[in-house]
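What follows is a set of notes on a single structure, which appears directly below.
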Amino acid sequence: MDGDTIVAVATPPGSGGIGVVRLSGPESAVMARRIAGLDPRPRHAHYVRLQDPAGGALIDDGLVLFFPGPRSYTGEDVVEFQGHGSPVLLERLVAACVALGARRARPGEYTERAFLNGRMDLAQAEAVADLIHAQTERAARRARSSLDGALAAELQPVSRRIRDLRVHMEAELDFGETDLESDVAGMLAPAAAELAAQIRELIERLRPGRYLDRGLRLALLGPPNAGKSSLMNRLAEDEVAIVTDRPGTTRDVLRAPVAIHGIPVEVVDTAGLHGSEDPVEQIGMERAREAGRTADLVLELRDLTDPDARIPQELPADLPRLVVWNKTDLADDREGCVSADALAISARTGEGLDALRDAIAARLGLAPETDGGFSVRARHLDGLAAAAGALERIDPALPGDLAAEELRSAEQALDALLGRQDHEALLGEIFAGFCIGK
């Protein structure tokens with residue numbers, strides 16, 4: 001952090017009823033005085049005329065608010081100008097601040113400063129971006145929970161226990177008579193195994209949350225005329241795909257965003273898979289296979305009126321898939337088709353769609369609207385796995401100095417999740433994904 005005063009428009013691009021320009025840094029109050037013509041009282045909304053200090057020309061009228069550090073979002077002095085949401089007027093305000101010595105903020109720099117000034121940990125800083133970009137109400141609730149420090153609350157007991165083990169182990173190495181005959185060395189391996197099991201359980205509990213935060217890709221695969229496009233339209237509640245009785249209507253990949261139990265889902269409709277020498281159909285089918293290979297879950301559609309029509313065995317056997325029998329409205333005989341591993345629906349009438357949505361969530365380990373979790377990133381899961389791995393490498397035969405090193409590695413992996421270490425490259429990567437003004 002360079003101590004500069006930074007400025008940016010904090011409201012979304014485009015026109016609006018209200019626009020906000022935000023200053024943060026040691027000269028914020030001085031610049032506010034020059035533009036607003038008064039010394040702003042802390043946490044008080046002043047109605048003022050905002051003027052260009054260079055020549056006194058009126059820019060806009062609106063409100064100015066002053067939040068002295070460290071009790072502000074960034075931990076520094078922060079000023080907000082709230083005026084009309086004209087991009088032209090907002091840019092004039094920013095330019096006036098720059099003329100007074102402010103620097104235009106980088107993406108995410110306000111939240112980065114909040115982290116560097118101890119106003120939030122790294123997981124909370126990431127939650128700000130997750131909250132801004134949340135696509136569903138459920139994702140927003142989880143991001144809000146993360147912003148309140150939910151991940152830190154989960155990790156603190158485990159991190160504290162690892163720290164206690166390190167203290168005892170390193171004290172024994174420094175002052176004990178032997179490495180492995182002491183009580184500390186004897187209890188270290190089972191204690192480490194217990195902590196590793198706790199972390200692995202946390203990983204399994206959090207893993208499905210990745211879908212809630214980044215969304216999931218659902219690929220519809222099946223033979224021609226199985227009803228893939230009809231199901232896509234039903235899930236999207238819109239006529240996204242063309243539906244006809246003619247097999248092979250869909251020849252390319254179609255995509256539509258939907259929400260299933262509060263989970264953002266990209267539904268991918270594909271060309272029917274079957275034996276064909278038509279080069280156009282072959283291209284469409286290869287794209288369908290690729291959509292299946294990159295999906296989080298494949299819905300394999302089958303036709304109750306033509307139960308022998310199946311997908312050619314060309315997809316990897318380990319693809320996560322759910323078998324769905326379609327056209328219950330046209331077939332009375334479902335015997336031998338519907339089971340615990342297969343569902344029966346009618347994409348035309350909507351029969352069985354609620355059960356299908358429940359099955360999709362269950363297949364991915366997501367309980368419908370019952371979790372009180374928080375937003376999860378791949379970085380979090382990787383860090384937890386690294387901590388668990390370090391603890392699992394501790395066994396009774398491991399020399400004491402190596403056991404202490406594994407404990408140190410586990411503690412550092414957990415500290416890195418909350419930004420308790422200096423990782424400049426990591427911070428740059430995380431905050432580069434923020435919007436300017438936040």
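Heads up: numbering here begins at 1 and tracks the sequence. In this text the structure is predicted, and so the values were computed from the model without any measurement.
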- Mind running side-chain contact (heavy atoms from CB on, under 4.5 Å) on Ile345 and Glu351 for me, showing each step along the way? CA-CA 5 Å; Ile345 68 164; Glu351 178 189 353; over 6 Å; no

- Leu343/Leu322 under side-chain contact (heavy atoms from CB on, under 4.5 Å): CA gap, chis, key distance, verdict: CA-CA 8 Å; Leu343 297 170; Leu322 189 62; 4.3 Å; yes

- Give the intermediate values and the outcome of salt bridge (Lys or Arg N to Asp or Glu O under 4.0 Å) for residues Glu290 and Arg287. CA-CA 5 Å; Glu290 180 60 25; Arg287 292 182 179 179; over 6 Å; no

- side-chain contact (heavy atoms from CB on, under 4.5 Å) between Gln82 and Glu80, worked out: CA-CA 6 Å; Gln82 299 183 6; Glu80 287 189 358; 3.5 Å; yes

- Query: Step by step, would you call Glu406 with Arg408 a salt bridge (Lys or Arg N to Asp or Glu O under 4.0 Å)?
  - Reply: CA-CA 5 Å; Glu406 295 294 1; Arg408 187 178 298 110; over 6 Å; no

- Task: List the steps and the verdict of side-chain contact (heavy atoms from CB on, under 4.5 Å) for Asp61 and Val48.
- Result: CA-CA 6 Å; Asp61 63 319; Val48 296; over 6 Å; no

- Query: Please walk me through it: do Arg357 and Asp354 pass salt bridge (Lys or Arg N to Asp or Glu O under 4.0 Å)?
  - Reply: CA-CA 5 Å; Arg357 294 185 181 96; Asp354 287 341; 3.1 Å; yes

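The main-chain N or O of Glu411 is never found under 3.5 Å from a side-chain atom of Arg163 such that the two would form a donor-acceptor pair. Formation of a donor-acceptor pair under 3.5 Å by the Ser15 side chain with backbone atoms of Ser86 is not found in this model. Checked by atom type and distance alone, the side chain of His84 never pairs as donor or acceptor with a backbone atom of Leu89 at under 3.5 Å. Within the 3.5 Å criterion, the main-chain N or O of Leu155 finds no donor-acceptor partner in the side chain of Ser159. Checking side-chain atoms of Arg234 against main-chain N and O of Arg348 turns up a donor-acceptor pair under 3.5 Å. A donor-acceptor pair under 3.5 Å links the side-chain atoms of Asp77 to the main chain of Gly69, judged by distance alone. Glu109 contributes a side-chain N or O that, together with a main-chain N or O of Arg106, makes up a donor-acceptor pair within less than 3.5 Å.
Partners of Asp39 under the side chain to side chain contact (heavy atoms under 4.5 Å, CB included) rule, at least two apart in sequence or in another chain, are Arg33. Take Ala347 and apply the side chain to side chain contact (heavy atoms under 4.5 Å, CB included) test, not counting sequence neighbours, and it matches Ser230, Leu231, Asn326. With sequence neighbours excluded, the residues that form a side chain to side chain contact (heavy atoms under 4.5 Å, CB included) with Ala386 are Ala413.
Cation-pi check for Arg22 over Tyr73 is met; the charged atom lies under 6.0 angstrom from the ring centroid and within 45 degrees of its normal.
The number of heavy-atom neighbours closer than 6.0 Å to CZ of Arg43, taken from other residues, nucleotides and ligands shown, is above 12. For Arg34, the CZ atom is loosely surrounded, since the number of other residues' heavy atoms within 6.0 Å does not exceed 12. Within 6.0 Å of CG in Leu38 there are more than 12 heavy atoms belonging to other residues, nucleotides or ligands. Counting heavy-atom neighbours within 6.0 Å of Arg49 CZ, excluding the residue itself, gives a total of 12 or less.
With Leu23 as the fixed residue, the side-chain contact (heavy atoms from CB on, under 4.5 Å) test singles out one of Leu93, Val78, Ile35, Val79: Val79.
Here the straight-line distance linking atom CD1 of Ile199 with atom CG of Leu206 works out to 11.5 Å at 0.5 Å rounding. The CD atom of Gln412 lies 11.0 Å from the CG atom of Leu407; values are rounded to the nearest 0.5 Å. Between Leu202 atom CG and Glu154 atom CD the span is 5.5 Å, to the nearest 0.5 Å. Note that CZ of Phe66 and OG of Ser72 are 9.0 Å apart. Values are rounded to the nearest 0.5 Å. To the nearest 0.5 Å, atom CZ of residue Arg393 and atom CG of residue Leu402 are 11.0 Å apart. Distance CZ/Phe81 to CG/Leu50: 6.5 Å, rounded to 0.5 Å.
With contacts defined as side-chain heavy-atom distances shorter than 4.5 Å, the pair Arg217/Val267 does not qualify. The shortest distance between side-chain heavy atoms of Ile360 and Val265 does not fall below 4.5 Å. For the pair Glu112/Leu116, a side-chain contact is recorded, criterion being any heavy-atom separation below 4.5 Å from C-beta on. Under the 4.5 Å side-chain criterion, counting only non-hydrogen atoms from C-beta, Leu235 is in contact with Leu353. In this structure, Ser28 and Glu76 have side chains that are not in contact, with every pair of non-hydrogen atoms separated by 4.5 Å or more. Ile260 places none of its side-chain heavy atoms less than 4.5 Å from the side chain of Leu216. Side-chain contact check for Val20 versus Leu90: every heavy-atom pair is 4.5 Å or farther apart. Between Leu417 and Leu384, the closest side-chain pair of non-hydrogen atoms falls below 4.5 Å.
Inspection of the Ser24 and Thr74 side chains reveals an N or O donor paired with an N or O acceptor under 3.5 Å.
Smallest separation of non-hydrogen atoms from Arg92 and Ala57: NH2-CB, 4.2 Å. Closest heavy-atom contact between Leu356 and Val324: CD1-CG2, 3.8 Å. Across every non-hydrogen atom of Asp4 and Arg103, the tightest pair is OD2-NE, 3.0 Å. When all heavy atoms of Thr270 and Leu220 are compared, the pair lying nearest together is OG1-O, 2.6 Å. Shown here for Ala96 and Asp52, the closest heavy-atom pair between the two residues is CB-OD1, 4.4 Å. Shortest non-hydrogen contact noted between Ala191 and Arg161 is CB-NH2, 4.0 Å.
Using a 4.0 Å cut-off between charged nitrogen and carboxylate oxygen, Arg205 and Glu201 count as a salt-bridge pair.
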